[in-house]
A.B. asks: 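One structure coming up, written as structure tokens, with questions to follow.
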Amino acid sequence: FFFSSRRRHTRLQGDWSSDVCSSDLSVQKIKLLIVDDEKNIHSSLVRVLEDNDYEFLHAYNGKEGLKLIAQDKPFVVITDYKMPEMTGLEFIKAAKVVSPDLPIIVITAYGDSSTKLSFLQEGAYRFLEKPVDFDELNIIIKSAKWGGSANIDYFSSISKDITHFNRNNVDGFGFLN
């Protein structure tokens, strides 16, 4: 098999034509719902996470987010704390009525310990303060998708070490000179 970023091709008698592509071989994407009133947050999250197997859904307030949870059944939700019409905490309470087991990750710049505790008590999967470590966020999303409670600190530290090594030690071929 030859794997490309968009399709998987089976090589038959030297022919790589698209008529032998099989959609049932494709990797299922993780439906990731972003609920935030700031469009730049949506675009930033998509930009840093787009190399993963995520299908992005967008809601710009809590009410839109609740509709998408009911219609599209995302695997994971990322939400902000401070939003108009419905706060992140109110959104989580309502989302847990619609989908009790849905992992919801809260990202905010307004995180004190009592706020964090309130979110976790209402069922937030994780609570992250800005600035967000995107390697850690990616690990949390994948852990949430698979229902895990991975030791985020351990995996995050490994991911940071690998990222640091790659950024500082890689030549054009991916090896040290």
Side-chain angles (χ1 to χ4, degrees), residues 5-6 23-160:
S5 61
R6 298 266 185 233
S23 62
D24 59 339
L25 292 176
S26 64
V27 176
Q28 183 181 8
K29 291 188 175 215
I30 296 172
K31 283 187 183 179
L32 179 61
L33 171 59
I34 301 169
V35 182
D36 199 305
D37 59 314
E38 297 181 41
K39 291 184 180 188
N40 64 331
I41 298 297
H42 287 258
S43 58
S44 295
L45 286 170
V46 169
R47 189 174 55 255
V48 297
L49 297 171
E50 68 187 349
D51 291 338
N52 298 281
D53 288 322
Y54 300 138
E55 175 185 338
F56 296 97
L57 305 170
H58 301 276
Y60 297 96
N61 61 56
K63 290 179 183 178
E64 288 178 13
L66 293 172
K67 286 179 188 173
L68 288 174
I69 289 170
Q71 292 171 351
D72 294 317
K73 307 205 181 330
F75 291 121
V76 180
V77 174
I78 297 175
T79 190
D80 189 17
Y81 168 39
K82 294 210 175 194
M83 296 183 292
E85 296 182 33
M86 179 183 287
T87 67
L89 193 57
E90 293 167 335
F91 170 74
I92 288 177
K93 288 178 183 178
K96 289 297 181 175
V97 171
V98 176
S99 183
D101 296 326
L102 180 64
I104 301 174
I105 301 164
V106 179
I107 298 177
T108 187
Y110 306 98
D112 59 32
S113 53
S114 65
T115 303
K116 182 177 184 176
L117 184 59
S118 296
F119 273 96
L120 295 174
Q121 287 175 335
E122 289 302 329
Y125 184 77
R126 291 285 190 277
F127 185 93
L128 300 175
E129 293 181 48
K130 293 176 183 174
V132 174
D133 178 330
F134 293 111
D135 292 330
E136 180 181 14
L137 177 60
N138 193 31
I139 291 168
I140 291 169
I141 292 167
K142 290 185 179 189
S143 172
K145 159 61 171 117
W146 298 110
S149 57
N151 184 336
I152 298 304
D153 294 333
Y154 173 73
F155 288 117
S156 180
S157 68
I158 291 172
S159 176
K160 286 178 188 175

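Predicted model only: the values in this text are computed from it and were never measured.
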A.B. asks: Measuring from E136:CD to S143:OG, what's the distance to the nearest 0.5 Å?
C.D. replies: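 E136 CD to S143 OG: 11.0 Å, rounded to 0.5 Å.
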A.B. asks: Is the shortest side-chain heavy-atom distance between I107 and D36 below 4.5 Å?
C.D. replies: no
A.B. asks: Would you compute the distance between atom CD1 of I92 and atom CE of M86 and round it to the nearest 0.5 angstrom?
C.D. replies: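 Interatomic distance, I92 CD1 to M86 CE, rounded to 0.5 Å: 11.5 Å.
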A.B. asks: How about D80 and I41: do any of their side-chain heavy atoms sit closer than 4.5 Å?
C.D. replies: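 No. Closest side-chain heavy atoms not under 4.5 Å.
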A.B. asks: Which donor-acceptor pairs under 3.5 Å do side chains of residues 95-105 form with protein atoms, sequence neighbours excluded?
C.D. replies:
| from | atom 1 | to | atom 2 | distance (Å) |
| --- | --- | --- | --- | --- |
| K96 | NZ | P100 | O | 3.3 |
| K96 | NZ | L102 | O | 2.6 |
| K96 | NZ | G123 | O | 3.3 |

A.B. asks: For a quick test of reading the model, state the closest non-hydrogen atom pair linking V76 to I141 and the distance between them.
C.D. replies: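 Closest approach of V76 to I141, heavy atoms only: CG2-O, 3.8 Å.
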A.B. asks: Who are the side-chain contact (heavy atoms from CB on, under 4.5 Å) partners of V48, not counting sequence neighbours?
C.D. replies: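 Testing V48 for side-chain contact (heavy atoms from CB on, under 4.5 Å), a comparison that skips the adjacent residues, returns F134.
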A.B. asks: Donor-acceptor pairs under 3.5 angstrom involving side-chain atoms of residues 64-73: please list them, not counting sequence neighbours.
C.D. replies:
| from | atom 1 | to | atom 2 | distance (Å) |
| --- | --- | --- | --- | --- |
| E64 | OE1 | Y60 | N | 2.8 |
| K73 | NZ | A70 | O | 2.9 |

A.B. asks: Mind checking whether Y125 and V77 have side chains closer than 4.5 Å, heavy atoms only?
C.D. replies: no
A.B. asks: Hey, what do you get for NZ (K142) to CD1 (I30), rounding to the nearest 0.5 Å?
C.D. replies: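 Separation between the atoms: 6.0 Å.
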A.B. asks: For K82, what residues pass the side-chain contact (heavy atoms from CB on, under 4.5 Å) criterion, not counting sequence neighbours?
C.D. replies: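 Listed in chain order: Y110.
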A.B. asks: For the residue pair F127 and F119, categorise the inter-ring angle as parallel (less than 30°), tilted (30 to 60°) or perpendicular (more than 60°).
C.D. replies: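 Correct class here is tilted.
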A.B. asks: Just so I know, are the side chains of M83 and D37 near enough to count as touching, which here means a heavy-atom distance under 4.5 Å?
C.D. replies: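 M83 reaches D37 side chain to side chain.
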A.B. asks: Between the side chain of H42 and the main-chain N/O of L57, is any donor-acceptor distance below 3.5 Å?
C.D. replies: no
A.B. asks: So, do I78 and V35 sit near enough that their side-chain heavy atoms are less than 4.5 Å apart?
C.D. replies: no
A.B. asks: What residues, two or more places apart in sequence or in another chain, satisfy side chain to side chain donor-acceptor pair (under 3.5 Å) together with N138?
C.D. replies: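 N52, Y54.
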A.B. asks: If you measure from CD on E50 to CG on L45, what distance do you get to the nearest 0.5 Å?
C.D. replies: 11.5 Å
A.B. asks: T115: what forms a side chain to side chain donor-acceptor pair (under 3.5 Å) with it, not counting sequence neighbours?
C.D. replies: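 If we apply the side chain to side chain donor-acceptor pair (under 3.5 Å) test to T115, skipping adjacent residues, the hits are D112.
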A.B. asks: About how many Å separate CD of E55 and CZ of F75, when rounded to the nearest 0.5 Å?
C.D. replies: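 The CZ atom of F75 sits 9.0 Å away from the CD atom of E55.
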A.B. asks: Say you draw a straight line from CG of L32 to CG of D53; how long is it, rounded to the nearest 0.5 Å?
C.D. replies: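 Rounded to the nearest 0.5 Å, the CG-CG separation comes to 12.0 Å.
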